[in-house]
Structures are given as C-alpha cells and as structure tokens.
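The structure presented is a predicted model; accordingly, all values stated were derived computationally and were not measured. A, B, ... follow the sequence lines: proteins, then strands. Residue 1 opens every chain.
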Amino acid sequence: SAVISQKPSRDICQRGTSLTIQCQVDSQVTMMFWYRQQPGQSLTLIATANQGSEATYESGFVIDKFPISRPNLTFSTLTVSNMSPEDSSIYLCSVVVESNQPQHFGDGTRLSIL
Amino acid sequence: KQEVTQIPAALSVPEGENLVLNCSFTDSAIYNLQWFRQDPGKGLTSLLLIQSSQREQTSGRLNASLDKSSGRSTLYIAASQPGDSATYLCAVWGSNYKLTFGKGTLLTVNP
C-alpha cells in the first residue's frame, strides 16, 4: 500500500480567495485522482491528475475552477479557485499503486468558505 | 452512466449481531469493486477489493461478495462490535481506474 499525506487537513477561507491542497505519496504511483465530498453526499471524481500533462476533468468540473498539477509520480496539487460557500466540501486525493490492487485515499482536506 | 445504490442508508444493531450491507450497480461492465469505511471527520479506509473475476473476498470478520451479472455486492460483518460503527461505502471501478461511489450505509453498533 501507499502512505498518503494531504495538506492542509482543514481550512476556513474567505469568499473569492483560492486555496491549494497538496497530496504527497511515499512511493511512485501509477495514477492519482482528486475527489470531492459535499456535505451529506458521497464522493464525486473531479479529475485524473496526469504526470507531466494537463489533468483530465470529469463532466461539471473545469480547469479554471480546479487547476491541478502533477509534476512527478509522487506529488499532486489541487487548487480551488475563486471560492464560494458552495465549495465547502472535503477534498480527497486517491492513488493507484498497481492495477488490481486497492485504491488508497488521503485523509482529506475539510474546506469551509465563509 | 454508472449508478451505485446502497441499502440501507442507516442501520443500528446491538453488539454481537451479524449484519449485511447491500450495494447495487447499474452497469455490470465493471473492473473491480471496493468496499471502504469512513469514520467521522476522517478519510477512507480500504476494507476489501473484489476483482471482476472473483466471487468473494474475506478479511477477518468481513466477507464481501460480488455478482456482476445481477449488479450486486454484499458486505457481511460477523459479530459486530462498537468499533465497527462508521459509514461503509461501496465503489465500483470503471475504465481508467475511476471510482463511482454509493452514498453509503451509516452503521451504528450499540454496546
């Protein structure tokens, strides 16, 4: 398995600001993903973080709102831009170490926008 | 579009009881199915992964089954304990390792 560190663990932000969330893995991984969990809801995939190229976004999510970087095989960032109260959620990164092995998640970033 | 449904949404049982959580999915063309638990304010902990070619997986008091043709999976918890109290999430693997989640079952095990 992999040890995943997400930072920050929580934050309270002002409307209109941006926050960058970091996801660090202790080993090289094949795939990295970013998910959102809105209050009382299950997880929804935001995008696949591609190493060395632009992320692949799911329907309803755009690069201008959620820019993602993945400079190497162990690290990725998700930025939540121009935040509004509707962005209050838990944001989680997940990794695939090997195909047909369990996917693992970080502890998440709990984001509240005032 | 894949849809995943978990029943029941919430379950409260006395300690020691055996219980079954249900998960159904609409598209049987899945690669794998994975069960997670989520404790309040925490991330996801992987419990069991069932590959598409498998029928079941076991880990300790947990047993998960998969019937792809009927689009169903069950998570069986034997001899439940208060420490099992959490939300249990079912997720199916689609193409490119993308996960589609159900809304979860909130389990409370009472001492």
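Heavy atoms closer than 4.5 Å to chain B are found in the side chain of Leu45(A), but not in its backbone. Contact of Ser99(A) with chain B is made through backbone and side chain together, with heavy-atom distances under 4.5 Å. Using a 4.5 Å cut-off between heavy atoms, Leu99(B) contacts chain A through both its backbone and its side chain. With a 4.5 angstrom heavy-atom cutoff, Tyr31(B) does not touch chain A via any of its atoms.
To the nearest 0.5 Å, atoms NZ (Lys98(B)) and OG1 (Thr48(A)) are separated by 5.0 Å. One distance of note links OG of Ser46(B) with CD of Gln103(A); it measures 9.0 Å at 0.5 Å rounding. Note that CG of Leu92(A) is 7.0 Å distant from CD of Gln38(B), once rounded to the nearest 0.5 Å. Rounding to the nearest 0.5 angstrom, the gap separating the OH atom in Tyr35(A) from the CG atom in Leu44(B) is 10.0 Å.
Counting heavy atoms from C-beta outward, Gln34(B) and Pro102(A) have side chains that approach closer than 4.5 Å. When side chains are defined from C-beta on, Tyr97(B) does not count as touching Ser94(A), because their heavy atoms never get closer than 4.5 Å. Within the 4.5 Å cutoff, the side chain of Asn100(A) has heavy atoms near those of the Asn32(B) side chain.
Hydrophobic cluster membership differs between Met32(A) and Tyr91(A), with clusters built from Ile, Leu, Val, Met, Phe, Trp and Tyr side chains linked at under 4.5 angstrom. Following chains of ILVMFWY side-chain contacts shorter than 4.5 Å, one can reach Ile68(A) starting from Met83(A), so the two form part of one hydrophobic cluster. Hydrophobic clustering, with ILVMFWY side chains joined whenever heavy atoms are under 4.5 angstrom apart, groups Ile21(A) together with Ile63(A). Neither Leu78(A) nor Phe33(A) shares a network with the other; the hydrophobic side chains, linked directly or stepwise wherever heavy atoms of I, L, V, M, F, W or Y lie under 4.5 Å apart, form separate groups for each. One hydrophobic cluster holds both Tyr57(A) and Val80(A) under the rule that ILVMFWY side chains link at heavy-atom gaps under 4.5 Å.
In Ile12(A), the CD1 atom is not crowded: 12 or fewer heavy atoms of neighbouring residues, nucleotides or ligands sit closer than 6.0 Å. Within 6.0 Å of CZ on Arg61(B) lie more than 12 heavy atoms contributed by other residues, nucleotides or ligands. Atom NZ of Lys68(B) has more than 12 heavy atoms from other residues, nucleotides or ligands within 6.0 Å.
Minimum interatomic distance between Gly43(B) and Arg110(A) (heavy atoms only, all atoms of both residues): N-NH2, 3.8 Å.
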